[in-house]
Amino acid sequence: MQAMAKAADLDELRARKRFEPGAVEPALMRQWLDSGLFHPAPEGDASENYSIAIPPPNITGGLHMGHALNGTIQDALIRFQRMSGRRTRWIFGTDHASIATQRQVEKELISLGTSREELGREGFLERTWSWRERYGATIVEQYKRLGASCDYGDERFTMDAAYAQAVSLVFVELFERGYIHRDHYMVNWDPGSGSAISDLEVEEREETDTLYRIAYPLADGSGEIVVATVRPETMLADSAIAVNPGDERYAALVGREAILPLVGRRLPVIADEYVKTDFGSGALKVTPGHDPNDFEIGRRHGLEQHSVIGEDGRMTAEAGEGFAGLTVLEARAAVVAGLERDGALRGSEPYTHSVPYSHRSGERIEPLISLQWFMRMDELAAPAIAAVRDGRVRFHPERWASVYLDWMENIRPWCVSRQLWWGHRLPVYYCDACEETYVAREPPASCGACRGPLRQDDDVLDTWFSSALWPFATLGWPERTDALRAFYPTDVVVTGRDIIFLWVARMIMMGIEFAGAIPFSDVYVHTVIQAPDGRRMSKSLGTGIDPLVEIDRSGADAVRFGMLAMSSTQDVRYSVEKIEQGERLANKLFNAARFVILGIGERGGAAAPRPSAIEDRWILSRLGRFEAELDERIVAYDFPRVALTLYDFVYGELCDWYIELVKTRLGDPDLDATLRHVLRRTLMLAHPVMPFVTEELWRYVRVDGEGLLAGATREAAELALDEEAEAALGRVMSATQAIRNWREQVAVKPGVALSARIEAAGYEQETGPLLARIARLSLDGDGDAIAVAHVAIPGGAVAILEGVDLGAHSERQARERDRLQAEIDRLRAKLANDAFVRNAPPAVVEGERAKLAALEAELEELR
RNA sequence: GGGCGCGUAGCUCAGCGGGAGAGCGCUCGCUUCACACGCGAGAGGUCGCUGGUUCGAAACCAGCCGUGCCCACCA
């Protein structure tokens, strides 16, 4: 039952000389979506099915290069597995991205002349939801442009009602298990977003500030202690002066008091191991309210906590008259001026150090003491560490495992509360009357103790708290749904290294703790694509390249090919050339298929191969190798070689050789069958990389009853190599190249037939005539004619018999002889080396001997 | 301060123990009846430097130089 191509279809195809992606992509995507292939029924269990949970894109942005790379890799895996016959689901959805989204909406409000505060919490949330309705779909449509075969029919959002239920359940359970608690603690305060942020959202930047040395007089008037600081404004909140307990210079001062300049407060001199004797003066001003280290020292020594910098980044009333209300920088200048006036400054010098900045707002972090919710991580980390250590979770490349382990083994508490409005509001309720706290999904109507009204905590959770539940909350957890059974655990998570801690580690911990299984067995950490000049790709730097523009220009298949070809285990620069390589490959595939399809015409032809010539046996053997290699590369996450292998096969074997070799045989039914088979297999193999062009061509070669290529199953073929055909064709190919090269050298046009005689072994039967045809040799001349030239080919030479002007020939032949002789000398020396023959593996030695013999035969023919 | 990468053809990158590779760019030649987004033939590299291991090193080891990233509480 073979489909016969319709004459009208063929005429249409004949007119299409180029593959035009823009003209076919939307319709093909439509067909895929309508087919339901991307939306599998939740049947079977996760061990037999294949699933990936997409790193949910933020609703704030458009598709950037990172998405394009990340999405292409996942889609290649998903399509490959789907075509291998597995029930396959690519879990899809978007992330509410608390801070990023809130900032975006706030920016819009300001441009409209209003503000978050003016709208109030309810109004703001309403506004943000409608913002999400307007813009949230953008990124989804853009994933479709890429050809991503996500399950769009079951799209999730991290603030869906059901998802929110899962989030609050997890929070409450963690609280009840004692992992979550509330505390006054030093946090990274981001004045830009008006919220605490986690350690992972802080980035350090090198900066040169001024290091001031300030004299603190001793209370008894017997002298002074000099301390050094880059933040003199924080001295207003000093609680002590600390020295190292072993520092003899200060031993006598410990226990006495100093006077804080400008303020007049008496500060105890304390001894603490933290203080380095060899830094500065060896004495440290201790500011528990505004420095993380000092905070710890303060806890150890029971020091007072003063707060002189507020959450708005300005000096508080406690900073005192003359300072309150100033910005931090203004206060710094004022403090320095005051110290100078009072003669307390003992010097200053430029000082380069790292300064914390908010990754979110870009503003400088203010370490502040704040009342926040913290999550203890060490116990949750233990099983997640074990899962990686014993190989139940594997990182690719492996080195990321140790990065993960290092972080996990030194994991610190996670500040999960954010002073924002957009996000999952904490399921925490307070009674202001009697100070009771309730942590519950469904709080009582009023305080159980005093019947007073309850007030919900204003804070929301860190976005990554909900992201951590993504692989199972998307599948309906905590309900025991069919989807959960069918697709959890997923198989792999594909991501950039920047979110290994933020996301991957937390998914593993939460998956183990709540879903009862590690969420995926493999973590593929892909490259980061940089701008062509090596800088970071970013909108603000103006270095971003829009993948959608690239898709418009070159087609989605080209971009996908380029992404895979560029991907690497190290960072790489964006290369348009790789996209263009993909564009050419798509076009090449299109035209090769067009040639085959039009060549077969309306004859139909069986889909099973019927090799009747040596080149048929050759291409089938090469196809087998190609399949095996492609399968191997893709499951090894070696995407650049997936792309390269595909390119090499299509260009280097299928088009440049096979199709050229069989052109004269068109019309032979055996050839039709073989061509059709090879083309079908090639389309199947290329489909995970280039789904559009292959799907477009598939309709011409599919048999009756077959559906879309995206849904086709490629049964794994047994690798049946035909070594004999490969060796024979290998000789023909080398010989052809040698003869073409020779023609070029002696300026004989490619079209001119040369009268010749093959004086070499290995060209018996079909192979000789094949060589003659492809290299344009005429073998039926006078068998005894005298050769005017010899061209070395594997196994001997081709004697050229007549009709050639050999102006450049002898020079060229001499060069060829020299080359062969040099190679022969090298091999002889090697084989004469006793140590080599004795120590090298016998197979290697044997190989070298064979090489030598072949080269000697070639040289002999040239004499 | 600790850790992880990377330095190979003009450019972007593969190769990671047995004859230096790809794509682009460059040169030359082709109206070869699928494709000029094509076909064919070429030129181009002391594989960062120095030492070591080995019969054999671009590949393994050590040191150095250059470069990128991650982690880290020295004012």
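Residue numbers start from 1 in every chain, and the chains themselves are labelled A, B, ... in the order their sequence lines are given, proteins ahead of strands.
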To the side chain of [X], which of [options] is closest?
X       : options                : result
E744(A) : C55(B), C28(B), A75(B) : C28(B)
N833(A) : C55(B), G38(B), A41(B) : C55(B)
N591(A) : C13(B), C74(B), C35(B) : C35(B)
Y647(A) : G23(B), G19(B), G40(B) : G23(B)
L644(A) : A22(B), A34(B), G38(B) : A22(B)
E660(A) : A34(B), A75(B), G19(B) : A34(B)

- Message: Check this one for me: any side-chain N or O of R573(A) less than 4.0 Å away from OP1 or OP2 of U12(B)?
- Response: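 Looking at the OP1 and OP2 atoms of U12(B), one of them is under 4.0 Å from a side-chain N or O of R573(A).
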Counting any heavy atom closer than 4.0 Å, what does [X] reach on the DNA or RNA strands: base, sugar-phosphate only, or nothing?
X       : value
V403(A) : nothing
D498(A) : nothing
K285(A) : nothing
R18(A)  : base
Y351(A) : sugar-phosphate
R553(A) : nothing
V286(A) : nothing
S568(A) : sugar-phosphate
P841(A) : base
Y651(A) : sugar-phosphate
R743(A) : nothing

- Message: Looking at G44(B), which nucleotide sits across from it as a Watson-Crick or G-U wobble partner, both distances under 3.5 angstrom, or is there none?
- Response: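 The base-pairing partner of G44(B), which may sit in any strand shown, does not exist here.
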- Item | Side-chain donor/acceptor contact of K17(A) with base of A34(B) under 3.5 Å |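 Such a pair does not exist between side chain and base.
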- Test for a donor-acceptor pair under 3.5 Å between the base of G25(B) and the side chain of E577(A), counting only N and O atoms.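 For E577(A), whose side chain was compared with the base of G25(B), there is no donor-acceptor pair (under 3.5 Å).
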- Verify the neighbour count for atom CD of E349(A): are there more than 12 heavy atoms of other residues, nucleotides or ligands below 6.0 Å?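 Atom CD in E349(A) is crowded, with more than 12 foreign heavy atoms closer than 6.0 Å.
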- Message: A cation-pi test, strictly: NZ or CZ of K17(A) under 6.0 Å from the centre of the six-membered ring of F590(A) and no more than 45 degrees from its axis. Yes or no?
- Response: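 Relative to the ring axis of F590(A), which defines the angle, K17(A) lies outside at least one limit.
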- Message: Would K578(A) and Y574(A) count as a cation-pi pair here, with the cationic atom under 6.0 angstrom from the ring centre and within 45° of the axis?
- Response: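 K578(A) over Y574(A) ring: no.
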Using the [atom1] atom on both, measure [N] against [M] and round to a whole Å.
N      : M      : atom1 : value
C69(B) : C60(B) : C1'   : 25 Å
C47(B) : C16(B) : C1'   : 11 Å
C30(B) : C13(B) : C1'   : 31 Å
G38(B) : C6(B)  : C1'   : 37 Å

- Message: Pair L754(A), W742(A) - check side-chain contact (heavy atoms from CB on, under 4.5 Å), show working.
- Response: CA-CA 12 Å; L754(A) 286 168; W742(A) 182 84; 3.8 Å; yes
- Assert yes or no for the condition that the ring centre distance of F692(A) to F19(A) is strictly below 6.0 Å.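 No, ring centres 6.0 Å or more apart.
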- Item | Y524(A) ring center near H396(A) ring center (under 6.0 Å) |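 So the answer is no for these two rings.
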- Query: Separation of E583(A) atom CD from C24(B) atom P, in whole Å?
  - Reply: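 Taking atom P of C24(B) as the reference, CD of E583(A) is at 12 Å.
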